[in-house]
There are 2 protein chains.
Amino acid sequence: MDKVNIKKLAAELNLSAATVSRALRDSHEIGAATKARVMEMARKMNYVPNPSASNLRSHKSKTIAVIVPEIANSFFSQAINGIEEIARAHNYHVLIYQTHENVELENAFIRSLLSGRVDGILISIASGLNGERNFKDVLPVLPLIFFDRVYEDIEAIKITTNDYQSSYTATKHLVENGCKKIAYLKGIDHTPAGKNRIAGYIDALRDSDILFDDRLMIATGDEQQENPDLVKNLLLSQKPDGLIASIEDLALPCYYACRDLGLKIPEDVKIISFSNLKTAGILNPSLTTITQPAFEMGRTAAGILFKILNRKEVEPNQTLVLDSELVVRESTGSLTQPSPKERA
Amino acid sequence: MDKVNIKKLAAELNLSAATVSRALRDSHEIGAATKARVMEMARKMNYVPNPSASNLRSHKSKTIAVIVPEIANSFFSQAINGIEEIARAHNYHVLIYQTHENVELENAFIRSLLSGRVDGILISIASGLNGERNFKDVLPVLPLIFFDRVYEDIEAIKITTNDYQSSYTATKHLVENGCKKIAYLKGIDHTPAGKNRIAGYIDALRDSDILFDDRLMIATGDEQQENPDLVKNLLLSQKPDGLIASIEDLALPCYYACRDLGLKIPEDVKIISFSNLKTAGILNPSLTTITQPAFEMGRTAAGILFKILNRKEVEPNQTLVLDSELVVRESTGSLTQPSPKERA
DNA sequence: CTGTTAGCGCATTCAC
DNA sequence: GTGAATGCGCTAACAG
């Protein structure tokens with residue numbers, strides 16, 4: 001039975017419930033000897049505190065929420081990994097919600113979290129057009145930290161990656177490897193990340209004295225089905241010698257499009273894709289990827305949240321920008337060192 | 001402020017707290033008119049119920065826990081995706097814990113969940129040697145459902161995939177495609193899944209009149225670093241013409257080993273890997289994979305849990321076996337249809 | 001159909 | 001240092 005509560009512990013120890021409660025919380029006004037006795041008995045009786053009762057009284061849930069578009073996405077699952085580790089270190093619990101890019105669902109989640117169920121929220125927002133968002137209602141009530149998919153129209157703590165820079169670097173990398181016509185495959189292009197990636201591409205072209213040709217920049221769809229054809233059409237009509245896939249899901253369509261057309265990678269077309277798949281190099285030894293520090297981002301976001309929860313100094317409304325990594329794989333077989341085992 | 005509670009609502013409405021509570025919970029003993037009034041006022045006053053108070057009284061947390069070895073693993077993240085969707089449909093919240101294959105951590109999580117924090121647990125157990133497990137202490141207190149990594153020494157509801165059959169099929173597939181010497185790369189081999197995969201391989205060889213040669217079955221390590229070399233040694237010393245990678249992480253080492261040795265896939269060596277990576281086909285058009293129905297498994301496990309929570313009929317101690325899928329990719333470019341968009 | 005009473009388990013006043 | 005009382009917000013049990 002799980003009926004062991006503070007009262008029973010107290011009775012067993014000939015102490016009052018208040019004393020036991022204090023001893024368990026390691027209060028300074030309890031003698032060391034008593035504390036030891038209480039702890040010992042708690043262990044022996046297999047006492048487990050009731051979090052609901054504790055929350056109700058203390059207004060601390062020991063729980064944080066993570067809201068992301070999709071869990072089964074290598075970036076977000078790595079970020080959640082990082083968050084979970086930090087939470088665990090603080091003896092906190094982690095609630096997970098996925099919005100599937102649906103803003104209304106996101107709002108519903110947030111609303112339901114305004115009830116004291118959690119002490120803070122980490123969010124990577126849904127890409128749905130920025131309709132009604134009620135983030136402003138959250139901030140006075142709970143710490144809210146944005147990571148990766150940040151919300152622009154609000155002053156808050158935000159953690160992103162240098163999308164502009166990495167896209168710029170990627171484009172430059174292709175130029176330096178001889179590409180003259182570099183195409184860009186857009187993903188979700190109304191987010192800050194999407195915009196920054198496009199800007200980096202365009203600026204890198206400009207700085208390389210290559211004329212930007214908007215026929216080389218195409219929108220892609222949600223479905224895996226159509227994208228290979230979109231890329232094929234692009235390859236046929238524009239004959240680019242380089243491709244930048246601005247999101248992970250576009251790497252595979254590029255690969256298949258090239259194969260179907262008999263184009264060799266990287267001899268005929270060089271490809272760089274944004275991707276957090278650890279096995280991305282598998283695609284082709286020549287596939288260069290831009291990898292976001294998802295795990296680190298999760299840890300960082302959670303770290304800041306716990307600083308706030310522990311009332312430590314935190315720079316308000318800061319925007320932290322973490323570096324992405326351009327991973328170039330040589331066809332010699334020695335692949336650039338992947339990031340070290342993350343949980344080491 | 002979030003100070004609106006049932007009492008204030010009641011005062012505003014000239015009703016008792018109990019009536020308001022019942023109205024909000026849509027109790028059948030409240031008149032439609034009153035319900036409407038209450039709901040209206042609740043909305044107007046922006047009332048959000050306090051879950052801790054509710055839990056404390058009702059012993060229902062509206063929360064379930066998911067315990068997995070790693071979140072950032074395509075199989076588990078897809079499973080969590082499925083779980084989250086079902087939980088969402090039931091207006092439940094989902095707590096996530098990762099054990100990193102550490103049994104003690106797993107025990108600690110479970111122990112902390114015996115406090116009323118959750119109404120049920122879905123678990124895929126850590127692979128650490130089956131030391132002290134306290135699953136038996138859980139069952140009388142909470143519904144506990146095992147998925148994928150099930151615990152053998154307990155009577156409980158378990159959901160797995162047909163590891164034996166899929167490994168058997170994979171081996172047969174290689175034989176039918178001309179392989180005579182098929183090597184097997186072991187992952188974690190003391191789990192039921194690991195054992196079943198090995199058994200399927202061995203039985204398929206036997207049924208194909210191929211002598212099992214244990215030099216063709218090698219253990220692999222945790223680190224990406226060493227595995228390519230292990231595979232290389234195997235390829236050099238045994239010269240197999242087929243490889244079965246029993247876990248996802250082994251596909252890449254196989255690929256690199258072949259490349260480093262100048263072996264062509266699939267001409268010189270055919271490879272089949274267990275893998276849940278949607279982009280696995282990316283490796284090589286000829287890579288055949290065995291894909292587990294992770295999403296479906298998550299949905300199924302959660303579905304059964306909610307049946308239990310809703311006191312519906314559930315066959316006790318059932319073991320459900322879902323089918324894995326052998327996905328053969330043709331080098332013609334038409335890849336076998338991937339599973340349909342999961343959240344459709 | 002609605003109100004009154006009581007108490008879930010704990011942490012925080014105050015006393016002493 | 002410790003104990004006795006009080007109430008966090010809600011819902012179950014019992015009235016009526």
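Each chain gets a letter, A, B and so on, in the order its sequence line appears, and its residues count up from 1.
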In B/S/- notation (B base, S sugar-phosphate only, - none; protein heavy atoms under 4.0 Å), nucleotides 8-16 of chain C written 5' to 3' is BBBBBB---
In terms of the angle between their ring planes, are H93(B) and Y97(A) parallel, tilted or perpendicular, with boundaries placed at 30° and 60°?
->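 If you compare the ring of H93(B) with that of Y97(A), the planes turn out perpendicular.
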I123(A) versus R149(A): any side-chain heavy-atom pair under 4.5 Å?
->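 Sidechains of R149(A) and I123(A): no contact.
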Non-hydrogen atoms of L95(B) and V118(B) that approach each other most closely =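 For L95(B) and V118(B), the tightest heavy-atom pair comes out as CD1-CG1, 3.7 Å.
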Sequence neighbours left out, what passes salt bridge (Lys or Arg N to Asp or Glu O under 4.0 Å) with R43(B)? Give chain and number order.
->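 With neighbours one apart ignored, the set is E40(B).
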Between [N] ([atom2]) and [X] ([atom1]): distance, integer Å:
| X | N | atom1 | atom2 | result |
| --- | --- | --- | --- | --- |
| N55(B) | dC8(D) | CG | C1' | 14 Å |
| R117(A) | dG9(D) | CZ | C1' | 14 Å |
| N14(B) | dT4(C) | CG | P | 12 Å |

Mark yes when over 12 heavy atoms from residues, nucleotides or ligands other than E155(A) sit less than 6.0 Å from its CD; otherwise mark no.
->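 No, because the 6.0 Å sphere around CD of E155(A) holds 12 heavy atoms or fewer from other groups.
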